[in-house]
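Order of the sequence lines sets the chain letters (A, B, ...), proteins ahead of strands, with each chain counted from 1.
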There are 2 protein chains.
Amino acid sequence: MKRITIKDLAKFLSLSTSTISRALLDDKNVNLETRKRVLDAADQLGYKPNLTALNLKSGQSKTIGVVVPEMITPFSAKVLEGIQHVLYPLGYRLVITQSDENPLIERKNLQLLEDFNVDGIIINVCHETYNNDVYRRMMAQGTPLVFFDRIPDKSLDVSKVVVDDYISSSLLVEYLIKTGRKRIAHIMGPSTIRNAIERANGYKRILTKYNLADENLIIKTEGMSFEHGKDAVQQLLQRKVEFDSIFAFSDTLAIGAMNALLEHNIKIPGDVAVASFSGTELSTIVYPQLTSVQQPLVAMGEAAAELMLEKIKNRSAPCRTVLMDAVLVQRASTL
Amino acid sequence: MKRITIKDLAKFLSLSTSTISRALLDDKNVNLETRKRVLDAADQLGYKPNLTALNLKSGQSKTIGVVVPEMITPFSAKVLEGIQHVLYPLGYRLVITQSDENPLIERKNLQLLEDFNVDGIIINVCHETYNNDVYRRMMAQGTPLVFFDRIPDKSLDVSKVVVDDYISSSLLVEYLIKTGRKRIAHIMGPSTIRNAIERANGYKRILTKYNLADENLIIKTEGMSFEHGKDAVQQLLQRKVEFDSIFAFSDTLAIGAMNALLEHNIKIPGDVAVASFSGTELSTIVYPQLTSVQQPLVAMGEAAAELMLEKIKNRSAPCRTVLMDAVLVQRASTL
DNA sequence: ATGAAAGCGCTAACAT
DNA sequence: ATGTTAGCGCTTTCAT
């Protein structure tokens with residue numbers, strides 16, 4: 001079952017390998033007749049190009065690294081779907097790594113990807129600044145980096161795909177107010193994640209605008225897990241602060257919060273409405289279904305892949321920021 | 001920022017590339033002194049081997065394809081974690097594809113992987129027989145295939161990683177009976193999935209053993225989604241068959257079922273207990289938490305990767321079946 | 001112990 | 001329009 005190479009085709013047709021190569025590449029400098037013969041033979045003998053040889057020739061690894069913070073929610077899977085959708089047809093392979101929300105693991109992952117000679121890395125960071133030195137070094141070495149969702153702090157000029165956290169969270173909070181909620185608690189992610197700050201800012205702005213602000217309503221979590229969401233509610237209850245709704249930084253935190261509420265026999269949305277930010281399928285499989293700001297995850301992945309291709313094509317292309325629209329989807333948890 | 005090659009090292013140290021190569025490979029035929037100089041220089045100049053060149057030389061793509069039915073639940077992500085854990089350190093890249101429970105998409109995915117010249121494919125099938133011809137052809141061509149979780153029918157001799165569905169489901173059903181349930185409904189997956197049949201058989205055996213069998217208690221679903229789980233409960237209710245518990249084929253179906261129950265104000269586990277098979281994090285984030293048979297997903301991925309390496313090392317190694325232990329984890333949904 | 005040379009599969013100058 | 005040659009980075013015979 002030996003693989004057929006252009007050499008075999010050359011021998012078979014008594015032509016040189018260059019002619020075979022040219023015919024296969026649709027080069028104009030090849031007789032129409034000859035091209036046809038080559039194509040037929042290729043088909044007949046089952047020729048398939050050797051990507052490795054191509055890559056060696058072109059000096060690329062045709063491998064893109066991806067770093068995501070977690071793979072428990074479908075968030076990353078959806079974005080990956082978009083990335084793959086763009087990159088697979090072009091012959092790119094992926095090395096997907098997950099950091100488990102740990103900057104140190106993220107660092108190791110970046111190192112691993114470097115060892116893989118990746119042509120570029122697409123990243124959703126787990127800490128705003130911790131690995132900046134690595135990002136900076138890699139970019140200096142000519143490895144294109146593209147960020148999505150969670151991005152590094154502004155000291156780094158990078159290509160990125162994001163939604164406007166500030167605006168979207170403002171909209172969501174305003175929506176909660178319109179539905180009659182007045183004591184809106186916020187489960188904010190760790191402040192080492194820029195988006196957590198942005199979303200909290202949107203939240204604060206609206207509460208201030210409606211004169212409903214109260215620092216006691218904000219719980220900053222230490223991490224991003226389901227348990228952190230539960231803890232946040234425990235804390236709210238301990239603080240004895242009144243609240244009739246919760247806006248959580250992410251689906252995971254929101255669902256943890258919902259569980260804590262249900263355990264305390266607090267009705268959703270009767271007693272407390274819950275809303276979140278991200279928009280994974282998770283929000284539709286919990287009961288009651290969760291109102292949330294849905295990010296266009298697949299499209300974000302596609303955009304990130306496109307930005308990567310842009311950078312690969314032209315190393316010195318200027319960094320671009322793609323701003324995607326998020327939409328508020330109302331579900332049972334706030335109705 | 002040009003990459004350093006062994007050529008550069010050779011020039012730098014006035015040695016031949018062969019000596020450099022040997023030194024780097026710890027070949028005995030190289031002066032200790034020389035080796036040290038080479039290693040130092042490599043370190044100093046920042047030499048990194050070019051994997052593509054290695055691959056071309058060895059005739060491998062160092063790429064493994066993975067086909068999974070879905071990426072919405074963390075099931076596949078966990079298995080992938082195990083696969084990556086074994087394969088990444090060895091320099092293997094992955095091309096991960098998802099079939100969306102559609103045999104036709106699975107077929108396309110296999111084709112794509114073939115185009116990638118993968119060294120092997122690890123698969124969780126979405127249909128017991130539909131793509132048998134492709135599996136067969138690929139294996140005949142010398143591409144190692146390893147299956148996990150859902151496997152093709154017995155007409156194919158393949159390496160695989162599985163749990164004993166029949167036994168595990170028996171245990172689960174017996175457990176439900178021990179907790180006092182007598183009318184146990186079963187939401188069975190499509191019969192184009194071997195495991196659905198196995199688990200249903202385990203279920204039937206125990207019900208028969210305790211004289212509790214009733215064909216009306218079984219709902220065979222058309223698919224594997226959350227919605228199919230909901231529908232199943234609707235059907236049970238329409239049939240007006242009494243039931244005090246549900247054993248679902250998967251977490252997804254179980255959670256869909258739970259939602260339907262809650263919508264009808266049926267208490268879990270008060271009125272109806274719910275249990276499932278799979279063991280993803282999903283079972284711990286729903287309310288109430290879901291009792292389930294937990295498969296050791298990460299370990300399954302590792303085992304699948306090991307089987308793959310075995311086949312890659314020796315194309316004609318006999319096919320092996322790794323049987324993993326699943327454990328029953330009791331949670332609130334049945335207590 | 002070291003070097004020279006061939007070759008993995010393919011493309012692209014450079015002939016002709 | 002087709003062929004010859006070199007070379008991508010590395011390993012590996014075969015010499016020395």
Item checked: Spacing between A:N117 atom CG and D:dG9 atom C1', to the nearest angstrom -> 11 Å
Margin query: I'd like to know if A:R35 and A:D26 make a salt bridge, using a cut-off of under 4.0 Å between side-chain N and carboxylate O.
Written below: yes
Check: Does atom CZ of B:R320 have more than 12 heavy-atom neighbours, drawn from other residues, nucleotides or ligands, at distances under 6.0 Å?
Finding: no
Item checked: Distance in angstrom units between A:L9 CG and C:dT11 C1', rounded -> 15 Å
Note to self: I need the CD1-P distance between B:I4 and D:dC10, as an integer number of Å.
What the structure shows: 10 Å
Margin query: Can you confirm whether A:K48 is buried at NZ, in the sense that more than 12 heavy atoms of other residues, nucleotides or ligands lie under 6.0 Å from that atom?
Written below: yes
Item checked: Polar side-chain atom of B:S58 near backbone of B:L54 as donor-acceptor pair, under 3.5 Å -> yes
Notebook entry, point to check: Do B:R150 and B:N195 have a side chain donor and acceptor closer than 3.5 Å?
Noted result: no
Notebook entry, point to check: Is a side-chain donor-acceptor pair under 3.5 Å present for A:D115 with A:Q111?
Noted result: yes
Next item on the list: Measure from CG on B:L51 to C1' on C:dC8 and round the result to the nearest Å.
Entry: 16 Å
Checklist line | Exam field: side chain B:E106 to backbone B:V67, donor-acceptor pair closer than 3.5 Å | finding: no
Next item on the list: Specify the separation, in whole Å, of atom CG of A:L25 and atom P of C:dG9.
Entry: 17 Å
Margin query: What is the distance, to the nearest angstrom, from the CG atom on B:L45 to the P atom on D:dG9?
Written below: 15 Å
Margin query: Under a 3.5 Å distance rule, please check whether A:T97 uses its side chain to pair with a backbone N or O of A:V66 as donor and acceptor.
Written below: yes
Check: CG of B:D8 versus P of D:dC8: gap in Å, rounded?
Finding: 10 Å
Checklist line | Residues within residues 54-63 of chain A bordering DNA chain D, heavy-atom distance below 4.0 Å | finding: A:L56, A:K57
Notebook entry, point to check: Could you give the CD1-to-P distance, from A:I6 to C:dC10, as a whole number of Å?
Noted result: 5 Å
Note to self: Tell me whether the side-chain N/O atoms of A:S21 come closer than 4.0 Å to OP1 or OP2 in C:dC10.
What the structure shows: no
Between the protein and nucleotides 1-4 of chain C, which nitrogen or oxygen pairs are less than 3.5 angstrom apart?
residue	atom	partner	partner atom	Å
C:dT2	OP1	B:T34	OG1	2.8
C:dT2	OP2	B:N31	N	2.9
C:dT2	OP2	B:T34	OG1	3.1
C:dG3	OP2	B:S16	N	2.8
C:dG3	OP2	B:S16	OG	3.1
C:dG3	OP2	B:T19	OG1	2.7
C:dG3	N7	B:R22	NH2	2.6
C:dG3	O6	B:R22	NH1	3.1
C:dG3	O6	B:R22	NH2	3.1
C:dA4	N7	B:S18	OG	3.2
C:dA4	N6	B:S18	OG	3.0

Next item on the list: Could you tell me whether B:K78 and B:E81 have a side-chain N and a carboxylate O separated by less than 4.0 Å?
Entry: yes
